[in-house]
Amino acid sequence: GESVGLHLPTLSVQEGDNSIINCAYSNSASDYFIWYKQESGKGPQFIIDIRSNMDKRQGQRVTVLLNKTVKHLSLQIAATQPGDSAVYFCAENGGLTGGGNKLTFGTGTQLKVEL
Amino acid sequence: DAGVIQSPRHEVTEMGQEVTLRCKPISGHDYLFWYRQTMMRGLELLIYFNNNVPIDDSGMPEDRFSAKMPNASFSTLKIQPSEPRDSAVYFCASSSMIPPETQYFGPGTRLLVL
């Protein structure tokens, strides 16, 4: 029979354009958030993180924005390159209730970079 | 640092056989996590340890699954007996007690149970 799997949202962008990947988190007590990148056949790789006392944090070509009011996180990738093609996950720590460095991961977004 | 090391990278076995997956966390990290990733269910936390002690094993699917951490540099995840529905990629991750709580993942073990 036909297998049914997770339907990952897909974002297709042209090489050189900026990408914005969004994530809605669930726990208002979360005070630490991370974006991971997972390339095919590899483990999730840390990209950038942000604490809840910040609204924005910038890295190399990446920026994370945090809106605690609506529990929304976004990852912006500038000048998207073919090597950015991957699945991107957001994760939250659950704050005091999460405890023990445990993270809760979103389902992921597939980014496809078109040449 | 070599990062989180997992072995084997690939495992093909027959239903009913015992499977043992191995993990070496990053030196100095206090937490170790085992995850399973499938197309159907995404990334699932199975169990995690703090200072070699299991803290939360609520994600372990059945009694067929067991995990140990005999010391700070080694952990195993065992499936006995294995079943085809256990086919997945199993990741190990580690993190430090000192903030930030970033988890660093290993390359994973791709398990296929026939």
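Quick note on labels: first sequence line is chain A, next is B, and so on, each numbered from 1.
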Treat each ILVMFWY residue as a node, draw an edge where side-chain heavy atoms are under 4.5 Å apart, and state whether [X] and [Y] are in one component.
X: A/Ile77; Y: A/Leu11; value: yes
X: B/Leu46; Y: B/Leu43; value: no
X: B/Val19; Y: B/Leu112; value: no
X: A/Val13; Y: A/Leu8; value: no
X: B/Phe33; Y: A/Tyr36; value: yes

- Is chain B contacted by the side chain of A/Gln45, its backbone, both, or neither, given a heavy-atom distance below 4.5 Å? neither
- Query: Given that the side chain runs from C-beta out, which part of A/Leu103 has a heavy atom under 4.5 Å from chain B: side chain, backbone, both or neither?
  - Reply: both
- When every non-hydrogen atom of A/Lys42 is compared with those of B/Phe91, the smallest separation belongs to O-CZ, 3.7 Å
- What one should report as the nearest heavy-atom pair of B/Gln37 and A/Phe89 is NE2-CZ, 3.7 Å
- Item | More than 12 heavy atoms from other groups under 6.0 Å of CG on B/Asp63 | no
- Message: For the NZ atom on B/Lys68, are there more than 12 heavy atoms of other groups (residues, nucleotides or ligands in this structure) within a distance under 6.0 Å?
- Response: no
- Task: Give, for atom NZ of A/Lys102 and atom CD1 of B/Ile55, the distance between the pair rounded to the nearest 0.5 Å.
- Result: 11.0 Å
- Item | Spatial distance of atom OG1 (B/Thr102) from atom CG (A/Asn93) [nearest 0.5 Å] | 10.0 Å
- Query: Quick one: of B/Arg9, B/Glu44, B/Glu101, B/Gln6, who has the most non-hydrogen atom pairs under 4.5 Å with chain A?
  - Reply: B/Glu101
- Message: Given heavy-atom pairs under 4.5 angstrom as the criterion, report whether the side chain, backbone, both or neither of B/Asp56 touches chain A.
- Response: side chain
- Mind checking whether A/Phe46 and B/Tyr104 have parallel, tilted or perpendicular rings, split at 30° and 60°? tilted
- Does a side-chain heavy-atom distance below 4.5 Å link B/Leu45 with A/Phe105? no
